[in-house]
*Asks:* 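Let me begin by handing over the structure; questions about it come next.
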Amino acid sequence: MAGVGSGGNDIQWCFSQVKGAIDDDVAEDFLYGKVVYQKITNMEVKILDFGSHGLLQGFKWISKLMYWMNKLWLLVPWKVPVLLVLLVKGEMIEKPNKQNKSQPHCRGEYNVYSTFQSHEPEFDYLKSLEIEEKINKIRWLPQQNAAQFLLSTNDKTIKLWKISERDKRPEGYNLKEEDGRYRDPATVTTLKVPVFKPMDLMVEASPRRIFANAHTYHINSISVNSDYETYLSADDLRINLWHLEITDRSFNIVDIKPANMEELTEVITAAEFHPNQCNTFVYSSSKGTIRLCDMRAAALCDKHAKLFEEPEDPSNRSFFSEIISSISDVKFNHSGRYMMTRDYLSVKIWDLNMESRPVETYQVHEYLRSKLCSLYENDCIFDKFECCWNGCDSVVMTGSYNNFFRMFDRNTKRDITLEASRENSKPRAILKPRRVCSGGKRKKDEISVDSLDFNKKILHTAWHPKENIIAVATTNNLYIFQDKVN
Amino acid sequence: MVLKKGCEKHGHLTSLFPFGKGVKRKRHEGDGQPAVQCAPQTFHCGTLLDLSLFKLRQNCVLAERNLHRSVLIANTLRRLQAEIHLESGCSEMPTGRLKPAQPPGQPASGANQVGPVSKPGRETITDLNNNLAGVTKPSLTEVPFCLLSGNDSSLSSAISTILQDLDFVEDLSPPPVQVSPEDDHDHLLPLKPASLDPRAEPRPPDSIFAAFEIADSNDFLIDGSLDAIFEDIDTSMYDIQQGFPAGTCPTSQPLKTTRSSPSIMAHNSRTDFTELENLMDLLAG
């Protein structure tokens, strides 16, 4: 794998790109990568240069991003009044690799590729509830033909989108004028064969399936099965299994709703299919447990096949123990042997063969443990951080506050804290490791816990499946970093 | 280290915790110790209790209800409840008050009495929300979950009602029969829920959160069990006329103020507004 170091600390991360509006109101021209865009207002950015696809509106909120394998796609949903999904396509730039000439470094520079609105806001008249158009999750489907397919979901409805390119169009019809009007057949004196002529690249996104009305509660996860025919969607109390071709029904495979809602003490927080075994999936709960289920055992997978739970550390007990044990994300590694969970303060890696405790635990921001009361009060304790693996499963990454994000090298057991900020955003600028001082004397370059900005949180991160390129989402910006190329 | 509510703009953990009831407490200055920030626990439980109730209530009226959040807060509330109870040292068995406090149709002593943390030991969990969910909390398992004083039962039922509310609105199934707690109302005017219609939104809160709803709602809801929390506070000097329950006073003060004067609580919707004003003058003057 070109450019992959042996661990998070041996790699020097450099700034590559940032997308998104700067907070000030001054209209500026930005040049990042190959995209030149001009900020018109707080809500509008106009792309001026190559890659321009008309008026891009808004960069209000990044909720999710992920990579896809072959084409360096970056998919970023933005919560704005109009624009909801932004596709950014990376272009492979071949650079000579001085160390190994036969293997060129591949570097992606990401440009806006397409934008489309995935969901509309709805109003449920029956319950008098607004259903926001905000997208909660996006998952790619494996590519089977020239088009890309993705599933996107808001709180209630899942949609399958097809994204296709068109770069040629037929010209020279006999019966139609160029503008589309029909010709009088009597005026046709010669015949010609229409030919395809190149045209400006047009990207079309069309909804192919809409999977609606299956969830009473808010959908928090979708996961495509390794059979590439089915997928699951999970809300707070139920998990449904869908077939990608069938929209009018789904199978309920997990239902934890008690007969009496008064008895409700636990909800489902995330669910994911096993990457290789199409009968296996896991779901995590708000009490810090993960259940692995086998769909072959029963139609309704209420009985788990495995239960992963770590006993509570009595020395760390507090009123908030349960809240901070709530799992916000579950991710299998690429082989499916391990899974990673993120709770409020830590990242845990579990071996699927051992249910009693995780095999590795990494503290993300242990200095917050003494601040839980305040974090409960300002609601930060409910923040849902995601986590991700790198391509070879040797490093895991997750976000924190103050626009910090953390990487943990599983082999060397070293970790690093980096910051995504505009100040560090000079092209090829190397990111400096950051340190948080939890008390006592603050050293130079350290930041004290009380100075952390809890409004600047990195909830979503993604790692390129093959390269050391990472994407990190702050509230209003998307940062792309890659390892230093010599 | 303390935190100011509403200080979203700054997002720093440097301001005052607003819910102190004038009790002196230690300040943890971020000294790096991973110690649990819960000492002294007694007062802390109280302020956390208030905070949690507020959050739960807030979640109910948000357009976008978050079940996950509500459940976490409700569980924290139950823990606080248990802890307070533990510290008060009560050890009686549940009184008969509890049973009638539950709406009929519930499994008898099922809902509140055997709570999620009452089963000791870790058992195989088959269903997340059957009460055998086995996360062990040693100290809490020793105490029956359905707590022993009226305070706790009222809170428990309040939590339960809120959770039921969430179901009420979210689900298309016909709503459960909304029967108000029958008992301990002898000295209170009957409960009149603002709306039984699950389609009303924002859904008016009932039960315990009525106390905080006065400023922005014309319907004053009563839950008789709420009274029990404040029965140790004597406000007889403020009682103006018959029909007002002992220990209660209508008020039109907003949330923050009510919290700081626990003797004031919601009253029923028939209270005349001028009487309210008179009482307000009395209280203020």
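Numbered from 1 within each chain, the chains take letters A, B, ... in sequence-line order.
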*Asks:* Atom CZ of A/Phe320 and atom CG of B/Leu72: how far apart are they, to the nearest 0.5 Å?
*Replies:*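 Output value for this atom pair is 12.0 Å.
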
*Asks:* Tell me, for A/Thr269 versus chain B, whether the close heavy atoms (under 4.5 Å) come from the side chain, the backbone, both or neither.
*Replies:*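 The answer is the side chain of A/Thr269.
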
*Asks:* Examine whether an atom of A/Ser326 lies under 4.5 Å from a heavy atom of chain B, and if so say whether it belongs to the side chain, the backbone or both; otherwise answer neither.
*Replies:* side chain

*Asks:* If you count heavy atoms of other groups shown closer than 6.0 angstrom to NZ of A/Lys456, is the number above 12?
*Replies:* no

*Asks:* What do you reckon, is CG of A/Asn213 surrounded by more than 12 foreign heavy atoms closer than 6.0 Å?
*Replies:*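 Atom CG in A/Asn213 is not packed in, count stays at 12 or less.
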
*Asks:* Do B/Leu67 and A/Met261 make a side-chain contact, defined as non-hydrogen atoms from C-beta onward lying under 4.5 Å apart?
*Replies:*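 Yes - at least one pair of side-chain heavy atoms lies under 4.5 Å apart.
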
*Asks:* Measure distances from A/Lys457 to the heavy atoms of chain B and classify the residue's part below 4.5 Å as side chain, backbone, both or neither.
*Replies:* neither

*Asks:* Less than 4.5 Å to any heavy atom of chain B: does that hold for the side chain of A/Tyr367, its backbone, both, or neither?
*Replies:*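 Neither; nothing under 4.5 Å.
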
*Asks:* Test side chain to side chain contact (heavy atoms under 4.5 Å, CB included) on A/Glu377 and B/Leu48 and set out the steps.
*Replies:* CA-CA 9 Å; A/Glu377 216 256 344; B/Leu48 278 180; over 6 Å; no

*Asks:* Pair B/His68, A/Lys384 - check side chain to side chain contact (heavy atoms under 4.5 Å, CB included), show working.
*Replies:* CA-CA 11 Å; B/His68 179 206; A/Lys384 296 188 186 167; 3.2 Å; yes

*Asks:* Looking only at heavy atoms, which two atoms of B/Arg79 and A/Ser318 are closest? And how far apart?
*Replies:*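 Taking every non-hydrogen atom into account, NH2-O, 3.4 Å.
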
*Asks:* Set out, in order, the CA-CA distance, both residues' side-chain angles and the distance that settles side-chain hydrogen bond (donor to acceptor under 3.5 Å, both in side chains) for A/Tyr376 and B/Thr76, then state yes or no.
*Replies:* CA-CA 11 Å; A/Tyr376 177 64; B/Thr76 309; 4.7 Å; no

*Asks:* Determine the minimum heavy-atom distance between B/Asn75 and A/Thr265, stating which atoms define it.
*Replies:* ND2-O, 2.7 Å

*Asks:* Rounded at 0.5 Å granularity, tell me how far OG in B/Ser70 sits from CG in A/Asp236.
*Replies:* 9.5 Å

